[in-house]
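First comes the structure, then the notes that go with it.
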There are 2 protein chains.
Amino acid sequence: MTVIFSKKCEYGMQAVLYLAAHQTEGVTRVDDIAATLKVPKEFVSKILQSLTASGIVASKKGKFGGFALAKDPSVIRLIDVVAAIDGLEMFDSCVLGFPNCTPDTPCPVHDTWGELRTLAYNMLTEETLDKFKQKTINKIKTI
Amino acid sequence: MTVIFSKKCEYGMQAVLYLAAHQTEGVTRVDDIAATLKVPKEFVSKILQSLTASGIVASKKGKFGGFALAKDPSVIRLIDVVAAIDGLEMFDSCVLGFPNCTPDTPCPVHDTWGELRTLAYNMLTEETLDKFKQKTINKIKTI
DNA sequence: TAAATTTCAGATAAAACAATCCGATTAAAA
DNA sequence: TTTTAATCGGATTGTTTTATCTGAAATTTA
């Protein structure tokens with residue numbers, strides 16, 4: 001099966017977008033996120049813990065606790081979530097799996113795929129969470 | 001860990017490019033392919049068996065047997081190998097993992113990522129093995 | 001202080017993926 | 001016909017990813 005981002009990373013991006021969409025409501029409980037996104041509660045909880053360690057989200061323990069974005073959504077990018085969970089190796093490794101594919105000894109698709117990879121990287125880097133906010137709210141409502 | 005194609009698919013693409021580069025020499029043994037590409041012999045053997053079932057490569061059993069491309073390299077595309085091994089779901093499923101992301105109810109990055117996906121698909125579809133042949137030979141020699 | 005509710009942390013289980021093993025079958029050559 | 005060398009096919013093992021479970025710690029309210 002072909003995959004782009006791991007489940008952890010997908011759920012992490014979904015959760016962060018959810019938090020951005022619900023930012024005005026203070027902290028959000030894992031139960032709410034998991035129920036809305038229909039993903040395993042304990043799993044997304046672990047992911048939010050690691051995103052807390054990465055400084056992307058902030059947690060509040062105890063009664064009426066939960067999670068919120070740690071920074072303004074205008075400075076959080078999807079690439080930050082990817083970097084925190086999956087790492088950025090996919091933007092730097094050979095799509096055919098050749099271990100020593102470099103600009104000097106490129107694989108047959110090195111140049112063409114490189115363009116694509118740069119496009120993907122720039123897309124995830126330039127767009128910040130606040131740009132997705134409205135879209136995300138609409139999306140969440142349709143789930 | 002982020003991944004684009006599975007190991008099976010990577011090895012499959014590598015093996016097919018190897019066969020294209022060695023087409024003039026008749027059949028090629030799995031041992032040769034595995035040794036040159038530095039991938040597990042039994043694993044790549046299984047992959048070649050499935051590519052045989054898909055009609056992309058042909059096998060010759062017994063002494064002096066081995067594998068060769070089943071068609072002219074000008075009609076075999078990398079997307080054919082991807083389709084046979086990993087399937088094409090990645091070109092049709094949401095990059096954020098939203099289960100019901102559609103043009104009507106798109107995820108926040110649906111449109112931008114869709115462009116990228118189309119580019120990737122077209123690239124893998126339009127380029128045939130013969131175009132990679134010389135590059136592959138060079139590549140194989142540097143491994 | 002006690003009760004309620006939440007995150008945190010570690011262990012474990014289940015599933016998917018990657019790799020290996022082994023004997024059977026096939027085919028060419030001596 | 002026997003030997004040799006290759007693919008084929010099924011079962012098995014190992015590793016990583018995904019998911020779950022349980023109890024501790026933290027925080028608010030009564």
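Chain A is the first sequence line, chain B the second, and so forth, proteins listed ahead of strands; every chain is numbered from 1.
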Regarding B:V30, tell me which of base, sugar-phosphate or nothing describes its non-hydrogen contacts under 4.0 Å with the strands shown. sugar-phosphate

Output a table of nitrogen or oxygen pairs between the protein and nucleotides 19-29 of chain D separated by less than 3.5 Å.
unit_1	atom_1	unit_2	atom_2	d
D:dT27	O2	A:K63	N	3.1

Only counting residues at least two apart or in another chain, list the ones meeting ring pair (Phe, Tyr, Trp, His ring centres under 6.0 Å) with B:Y121. B:F91

Here the distance between atom C1' of D:dT18 and atom CZ of A:F5, to the nearest Å, is 18 Å

Tell me, please, which residues at least two apart from B:S74 pass side chain to side chain contact (heavy atoms under 4.5 Å, CB included). B:D72, B:D130

Spacing of A:L48 atom CG relative to C:dA9 atom C1', expressed in whole Å: 15 Å

Whole-Å gap separating C1' (D:dT7) and CG (B:D31): 11 Å

When the distance from CG of A:D86 to P of D:dT16 is rounded to whole Å, what number comes out? 16 Å

Under the side chain to side chain donor-acceptor pair (under 3.5 Å) rule, collect the residues that match up with A:D31, sequence neighbours excluded. A:K41

Nearest-Å distance, CZ (B:F67) to C1' (D:dC8)? 9 Å

Please list, chain by chain and in numerical order, all residues satisfying ring pair (Phe, Tyr, Trp, His ring centres under 6.0 Å) with B:F67, sequence neighbours excluded. none

Nearest-Å distance, CD (A:Q14) to P (D:dT18)? 13 Å

Partners of B:R117 by side chain to side chain donor-acceptor pair (under 3.5 Å), sequence neighbours excluded? none

Any side-chain N or O of B:S45 less than 4.0 Å from the OP1 or OP2 oxygen of D:dC8? no

Whole angstrom is fine here: how far is it from CD1 in A:I47 over to C1' in D:dT17? 11 Å

Please work out which of the three classes, parallel, tilted or perpendicular, describes the rings of A:W113 and B:F5, given edges at 30° and 60°. tilted

